[in-house]
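Presented below is the structure to which this report refers.
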Amino acid sequence: MKYKASSIQLPEPFSMSEMIGYLTRSANECLFYVEADNVYRMIRVENEPVLVEITCRNDELEVWILDGIPPTKSVRVTVDGYVRDWFDLDRDLRPFYRQMEHCPYVSGLGRDHTGLRIVGVPDLFEALCWAIVGQQINLAFAYTLKRRFVETFGECLRLNGKEFWLFPSPETIANLSVAELRSIQFTSRKSEYVLEVAKRMTEGTLSKTSLMQSGDFKAAERDLVKIRGIGPWTANYVLMRCLRDPSAFPIEDVGLHNAVKERLGINRKPTLDELRAIASKWTGWEAYATFYLWRSLYHTFRCRD
DNA sequence: TTCCAGGGTAACG
DNA sequence: CGTTACCATGGA
């Protein structure tokens with residue numbers, strides 16, 4: 001059973017090779033595959049796991065369903081919406097490029113990587129867990145921890161000798177103990193933070209819908225940082241990659257610091273004041289500027305296997 | 001071996 | 001309030 005769920009007319013600019021460049025930045029990624037320029041991942045549709053293939057043909061993105069529930073209108077709509085959100089296809093990037101022409105540190109990146117869109121993390125629980133896992137450890141280890149988390153507590157589909165994993169649900173994680181998370185080398189702190197988030201999401205006191213309901217990203221940020229384990233960096237990371245606030249700005253981000261350091265040609269990290277001064281040219285597009293600066297750093301966190 | 005890593009909390013002055 | 005110790009382990 002294989003059927004096409006949707007054909008998405010690609011916005012301009014869009015570069016599939018730039019997107020794949022980002023998606024393949026770690027060989028240790030466990031939630032999707034890239035093979036022959038096609039992208040494969042499992043997503044949950046109406047509480048059922050569905051295996052999706054994304055193919056770029058001419059000016060369209062074709063979304064195929066390879067395994068899972070039969071095609072209905074709502075399945076097609078959900079899958080179509082997921083891909084649009086994941087690749088940020090409904091955003092007009094032309095104002096971003098025009099504005100970056102005035103920033104010497106990012107304008108070159110904008111030209112070199114035209115058509116790169118922020119790869120999102122549409123699932124709020126996944127976004128929060130990934131951010132918490134990534135706190136204060138190098139990215140290679142973060143990918144290892146994520147893989148252990150997913151392969152220990154997630155759901156797996158095996159097809160044609162490959163494994164396709166779904167991120168664990170908040171319900172599954174909320175029932176765990178700190179000790180169980182420590183057994184996969186989470187620190188006690190990370191374990192407590194992730195359990196807290198899982199419990200809130202299971203209770204319904206934390207959800208993407210409730211964070212977005214006011215339509216005010218600043219209000220969402222205030223709600224997020226009230227939660228233990230979520231500071232300004234984590235809140236802005238989630239605003240950037242899940243809630244899709246183009247002005248989210250994780251200014252404490254070490255990757256951002258290192259990218260700016262290289263582009264300034266200095267042998268120390270920029271201060272927060274220096275970052276604020278540079279970012280004053282990015283108003284409204286801080287998330288995109290940050291993502292493009294991350295793109296300039298791939299060589300520093302490539303996984304060795 | 002040393003230093004740092006896509007931070008955050010809690011305890012201190 | 002601003003500063004500091006601590007978390008804890010892998011990777012380079």
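Numbers restart at 1 for each chain; the letters A, B, ... are given by sequence-line order, proteins then strands.
dC4(B) and dA5(C) have their P atoms separated by 15 Å, with the value rounded to a whole Å. Of the C1' atoms belonging to dT9(B) and dG10(C), the separation is 23 Å, rounded to the nearest Å. For the C1' atoms, the distance linking dG8(B) with dG11(C) amounts to 22 Å, nearest Å.
Taking the six-membered ring for Trp and the full ring otherwise, the centers of Trp130(A) and Phe125(A) sit at least 6.0 Å from each other.
If you take CG of Leu145(A) and C1' of dG11(C), they are 13 Å apart, rounded to a whole angstrom. Between Leu181(A) atom CG and dC7(C) atom C1' there is a gap of 16 Å when expressed in whole angstrom units. The distance from atom NZ of Lys190(A) to atom P of dG7(B) is 9 Å, rounded to the nearest whole Å. Rounded to whole Å, the distance from CZ on Arg182(A) to C1' on dA8(C) is 8 Å. Taking atom CG of Leu272(A) as the reference point, atom P of dT3(C) lies 11 Å away to the nearest angstrom. One interatomic measurement links the two molecules: CG of Asn138(A) to P of dC4(B), which rounds to 13 Å at whole-angstrom precision. Taking atom OH of residue Tyr237(A) and atom P of nucleotide dG7(B), one finds them 10 Å apart after rounding to whole Å. When the C1' atom of dC4(B) is taken as reference, atom CD of Gln136(A) falls 8 Å away, rounded to whole Å.
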Contact list (N/O, under 3.5 angstrom) for nucleotides 8-11 of chain B vs protein:
from: dG8(B); atom 1: OP1; to: Gly231(A); atom 2: N; distance (Å): 3.0
from: dG8(B); atom 1: OP1; to: Gly231(A); atom 2: O; distance (Å): 3.2
from: dG8(B); atom 1: OP1; to: Trp233(A); atom 2: N; distance (Å): 3.4
from: dG8(B); atom 1: OP1; to: Thr234(A); atom 2: N; distance (Å): 2.9
from: dG8(B); atom 1: OP1; to: Thr234(A); atom 2: OG1; distance (Å): 2.8
from: dG8(B); atom 1: OP2; to: Trp233(A); atom 2: N; distance (Å): 3.3
from: dG8(B); atom 1: N2; to: Arg189(A); atom 2: NH1; distance (Å): 3.4
from: dT9(B); atom 1: OP1; to: Gly229(A); atom 2: N; distance (Å): 2.8
from: dA10(B); atom 1: OP1; to: Arg228(A); atom 2: NE; distance (Å): 3.0

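Taking every side-chain heavy atom of Gln185(A) into account, dG10(C) is the closest of dA5(B), dG11(C), dG10(C).
Taking the six-membered ring where the residue is Trp, Tyr97(A) and Tyr292(A) present perpendicular rings, their angle passing 60° and hence far from 30°. Under the 30°/60° scheme for interplanar angles, the aromatic rings of Phe149(A) and Phe186(A) are found to lie parallel. Taking the six-membered ring for Trp and thresholds of 30 and 60 degrees, Phe164(A) and Tyr33(A) have ring planes more than 60 degrees apart, a perpendicular arrangement.
Checked against side chain to side chain contact (heavy atoms under 4.5 Å, CB included), Pro104(A) has no partners two or more places apart in sequence or in another chain. Remark: Tyr40(A) pairs with no residue by the ring-ring contact (aromatic ring centres under 6.0 Å, His included) rule, at least two apart or across chains.
Residue Thr144(A) has no polar side-chain atom (N or O) positioned under 4.0 Å from OP1 or OP2 of dG10(C). At least one side-chain nitrogen or oxygen of Asn258(A) sits closer than 4.0 Å to the OP1 or OP2 atom of dA5(B).
For Tyr237(A) and Arg241(A), the side-chain atoms include at least one donor-acceptor pair closer than 3.5 Å.
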